[in-house]
Every structure is written in structure tokens, then in C-alpha cells.
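Predicted, not measured: the structure shown is a model, and the values here were computed from it. Each chain gets a letter, A, B and so on, in the order the sequences are listed, and its residues count up from 1. Excluded from the calculations below are hydrogen atoms, water molecules and symmetry mates; all remaining heavy atoms, backbone and side chain alike, are included.
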Protein chains: 2
Amino acid sequence: MPQTARKRRPEARPDEILDAALAVFGEQGFAQARVEDIAKRAGLSKGAVYLYFPSKDAMLNALVEQSAGKLARAAEQLVAIGAPGDPETALRSLIRMLLTAMSDPDISAAPRLVLTEAGRSPEIAAHYRSQVLDIARRAMGRLLEAGVASGHFRPVDRDALMRVMGGPCIAHMVLTTIFDLPPKDITDPAEMADALCDLILFGLVPREEAA
Amino acid sequence: MPQTARKRRPEARPDEILDAALAVFGEQGFAQARVEDIAKRAGLSKGAVYLYFPSKDAMLNALVEQSAGKLARAAEQLVAIGAPGDPETALRSLIRMLLTAMSDPDISAAPRLVLTEAGRSPEIAAHYRSQVLDIARRAMGRLLEAGVASGHFRPVDRDALMRVMGGPCIAHMVLTTIFDLPPKDITDPAEMADALCDLILFGLVPREEAA
DNA sequence: TGTTACTGACTGACCGGTCAGTTATAACGC
DNA sequence: GCGTTATAACTGACCGGTCAGTCAGTAACA
């Protein structure tokens, strides 16, 4: 009966190990995490893990590579579909998606790992740069172009816009998941996303009421 | 002659060690850094370091505690002086200061360390929260209040504003110092700061020309 | 001669990675 | 079905390197 636990399913192993690795790395950080703990959580012995991954670093790389693309591709698609018609709504959905993802500790575990480990590992930094940042930058550029072309947006600097859109999402992630500093006034990620969009779109300085 | 090196200056040691620690931690990260390297850079042997600090963790804590307050206090003062008279200029100076600091690898080393190590060490997280984040949040609140009272700012959510102002600074730091991703269009931190302020103050959506 | 500041060889714990050995399953003959 | 063999999947004790932290001893001053 619970013999199922001992069944051999070599095809499923790599993903199981990566799931366990994400959980353990997320809880303890890469350096503190022990390969044996990852193995235990995946229901294996340490040796078995090394049948599927050549090193602890390789696990982290595979992890980043796997989860990195997902968000970036989702963001890219969202922009590709929404930007031409209604850039403002596309921007709102994009930030809403990002902030919701960043508020969930399970989903944000991978980006958080990148943030803490990229400085140590040039390989991870390079991966993330090409698989996420470059894609995000391109998508942002396209969104901006579409908005400017249709008169919805001002022609601002793309890299500044990238920082103004992505930065608050990172800040939100850091504040909530690392410093346990939830905002007192706004608790729902979607609400926070709306407040951020409002600021990004309309600015802090009031508009003259003369429309 | 180079006997000067062996002169005893026990009072100066702690700071010398912390300087060395900041440099080594900044270059290699906390986990990778060896206490012996810190000692060497401070012109001491490993044992001597342990006369002044009880552990490697204690060095990191002292480091964070020391450098944490500086920026926060500078920001607080800047706001306290500038906000009542001209909130918009105060905001511009604040972001300019932050972004310039973040662009300098030497100055941003401490915040970067906090970012990478706070998840592992509750003590550091707590320190930073009370010594930097709470102060920054208070200052931001005061700046906002002053601006709203004088009609310069709209009454937006304080935590959203904090994310919109601080986030891009963090993003800039991460992009430039971790991912070596300098913007193609803007290279000078001050210029980037101006572009960011422009976006934050006036928003992405163009204003009706009817003033 | 006593005290203070410091040295650096050493200890012990820890953990990534290995590999000789074990077990479950499949394959085959009968 | 039922032993027999082959092999893929897995185990966990062990090895080797690293490094935080210790401490017996030394050098510099007062």
C-alpha cells in the first residue's frame, strides 16, 4: 500500500527534486540548505539526487532557468495582446499580475533566490538577464511605443519606465516577504497594484481641472 | 620604518575591521567571505579579529547597524528641511541622493548585503526595519503630508508612494551592480534620477494642455 | 617584569560529492 | 506461474576539503 512511496519513477524525479529544492532553498537560502534535506523532502537519499543533477549549483541553475522564463513569457504575452489596443489597461494588468505573483511567497521564492544568489553566481546572473530582464525590457519598450503612438502615453525613457514599473514590485516583494512589513492601509495585493498604477499613470502632482 | 604597521591602536581596530569586512563582504558575499581575508585586509591575524568581535555574524550586524542609519538619517534630515517649503524639490533631491548612492558600488555595498542576508538573519532584518525602513516610512509620510497640505501633491497612499519612490532606486541598484545592466539611453545617475522624478511627479499619461 | 596586543597553528564540525553495495523490477526460459 | 539472471534505481557510510572559532605562545611597550 504505502509501497507506492518506493515505486521507481525516474522520469518524474528531476521535477520532484526541483520542487523540493525550491522549497528548501526558499526556506533556508542556498548556502544554508543541505542537499540531504532536499533529498529527504523529495523522498530520496542524497546519492539519488546526484543521479539527476551533477551538483548543488546545477540544481539552482535549473530551478532559475525553469521558473525564470514563466513570468517573463506571461508578461510578454500580456503586453503583446493588450498593448496595441489599450496600453493603459495592459500596463494595469501587467503590474497587477506582477504584484500578485510577488506577494505569494511560493511564487516569489525563485525571484528572491535570484536576488540573493545572482551576485555570487555569474551564470545565474547571465541566465536571468537574458531570460527575464531582456525580455521584460523588450516588452516594456513595445508597450511604451504602442502607448506613445496612440497618444495614451508620454514619450518617456524606456529604462526609467522599467525601473518605475518593476521597482515597486521588487520593493513590495522585499518589504512583505523579507521584512514582514505589510502596509497598514492596504492589504490586498490587487488594491496595492491599483494604487501603484494610479501613481505611475497620473503622477503625484495634481492635474489642473480643466478638461 | 614600516614599524608603523605594528603600532598598537586598539581603539581604532573595530572600525578598521568593519571597513575591511564591508569590502570583503561586498566583493564576495557574506557566506563566501573568509574571516582570515577580512583580518588580512585590516592588517591583522584572524585571532586578533576575535578580540574585537565575538563572531563573523556579529561583524555583519555591526556593519549593518553602523551604515544603516547613515542614509536613513540623511534622508530624514533632507525631508525635514526641504519638505515644508518646497515638497517637489525635496522629493527630487531625495531621489537624486538615493540613486546616486545606489549607483556607487562602495556605498551600495551595505544595502546590498542587507538585501541578500536579511532573509537568513532575523536580527539583521529587525535592525534594518527599525533603523531604516521605519524612519524612511515616517519621512515619506511627512513629505507627503507637507505636499498635500500645500496643494503640491495629491493625497495618495503612503505605502504606495514609498514603493514608487524607493522601488526604482532598489531596481537601479540591482540592475547596475548585480546584473551589469546599464541603461543604453541614460548613463548618469543624476540624469536617471531626473527621469524617474519626472515620471513619479507627472505620470505616464500626458496632461491636457489647458493651463 | 608585568601587561596588553597580537599571532597562527590547530581543532572540530560541517557538508558537498562519491561509490561499493542493496533492492525492486523487468526479461527470459521453462 | 516460477525460479533465474540482468539491470536500472537507489542507499547511506564515508572521504576530503573548508573554515569558524580557540588558545598557547610571542612581541612590544610601560
Side-chain angles (χ1 to χ4, degrees), chain A residues 1-25 27-64 113 116-117 120-121 123-124, chain B residues 1-25 27-64 113 116-117 120-121 123-124:
Chain A
M1 358 162 305
Q3 207 62 340
T4 359
R6 289 198 111 278
K7 258 231 295 278
R8 279 112 196 266
R9 295 152 293 135
E11 334 74 45
R13 290 289 184 234
D15 279 348
E16 289 174 358
I17 294 172
L18 285 188
D19 284 350
L22 180 59
V24 176
F25 287 159
E27 278 167 19
Q28 324 200 9
F30 178 77
Q32 282 63 47
R34 289 165 35 197
V35 174
E36 181 139 23
D37 292 341
I38 296 171
K40 279 277 181 310
R41 187 178 295 231
L44 289 170
S45 68
K46 186 163 66 148
V49 166
Y50 282 94
L51 295 173
Y52 299 98
F53 294 94
S55 71
K56 191 185 178 187
D57 266 283
M59 282 179 243
L60 181 59
N61 279 321
L63 200 55
V64 170
L113 269 177
T116 54
E117 303 302 328
R120 184 189 59 84
S121 156
E123 200 178 346
I124 288 179
Chain B
M1 5 161 306
Q3 207 60 344
T4 358
R6 288 198 111 277
K7 256 228 298 272
R8 279 116 195 264
R9 296 152 290 138
E11 332 75 45
R13 289 287 183 239
D15 280 348
E16 290 173 359
I17 294 172
L18 285 188
D19 285 350
L22 180 59
V24 176
F25 288 159
E27 278 166 20
Q28 324 198 9
F30 178 76
Q32 282 64 48
R34 289 165 34 196
V35 173
E36 180 138 23
D37 292 340
I38 296 171
K40 279 277 181 308
R41 187 178 294 231
L44 289 171
S45 68
K46 187 162 68 146
V49 166
Y50 282 93
L51 294 174
Y52 298 97
F53 293 94
S55 70
K56 190 184 177 188
D57 267 283
M59 283 180 243
L60 182 58
N61 280 322
L63 199 56
V64 170
L113 268 177
T116 54
E117 302 303 328
R120 182 188 60 84
S121 157
E123 200 177 345
I124 288 178

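Using a 4.0 Å heavy-atom cutoff across all strands shown, A/Leu51 reaches at least one base atom of the nucleic acid. Note on B/Ala33: only backbone sugar-phosphate atoms sit closer than 4.0 angstrom, heavy atoms only; bases stay farther off.
Here the P atom of nucleotide D/dC19 and the CD atom of B/Gln28 are 10 Å apart, to the nearest Å. Remark: P of D/dC19 and NZ of B/Lys40 are 14 Å apart, rounded to the nearest angstrom. One can place CZ of A/Phe53 at 15 Å from P of D/dA9, the figure rounded to the nearest angstrom. The distance between atom NZ of A/Lys46 and atom P of D/dA13, rounded to the nearest whole Å, is 11 Å. Between the CD1 atom of B/Ile17 and the P atom of C/dA5 there is a distance of 13 Å, given to the nearest Å. Rounded to a whole Å, the CD atom of B/Gln32 is 15 Å from the C1' atom of D/dA20. Between the C1' atom of C/dG16 and the CG atom of A/Asp37 lies a distance of 13 Å, rounded to the nearest Å. Rounded to whole Å, atom P of C/dG17 lies 14 Å from atom CD of A/Glu36.
With C/dC6, D/dC19, C/dT18 as the choices, the nucleotide that has an atom nearest any side-chain atom of A/Tyr50 turns out to be C/dT18. Closest to the A/Arg13 side chain, of the nucleotides C/dC6, C/dG16, D/dC10, is D/dC10.
The residue among A/Ser55 and B/Val49 whose nearest nucleotide of DNA chain C lies closer to the 5′ end is B/Val49.
A donor-acceptor contact shorter than 3.5 Å links the side chain of A/Lys56 to the backbone of A/Phe30.
Taking both residues in full, the closest heavy atoms of B/Glu36 and B/Lys46 are given as N-CD, 4.1 Å, listed atom of the first, atom of the second, then distance. Here the closest non-hydrogen pair linking B/Phe25 and B/Leu113 is CB-CD1, 3.5 Å.
A donor and an acceptor atom never sit less than 3.5 Å apart when one is taken from the side chain of B/Lys56 and the other from the base of D/dG21.
Interatomic distance, CG of B/Asp57 versus CD of B/Glu123, reported as 8.0 Å (0.5 Å rounding).
Here the side chains of A/Leu44 and A/Glu16 are not in contact, with every heavy-atom distance at 4.5 Å or above.
Contact annotation: A/Tyr52 side-chain N/O to D/dC10 OP1/OP2 distance is under 4.0 Å.
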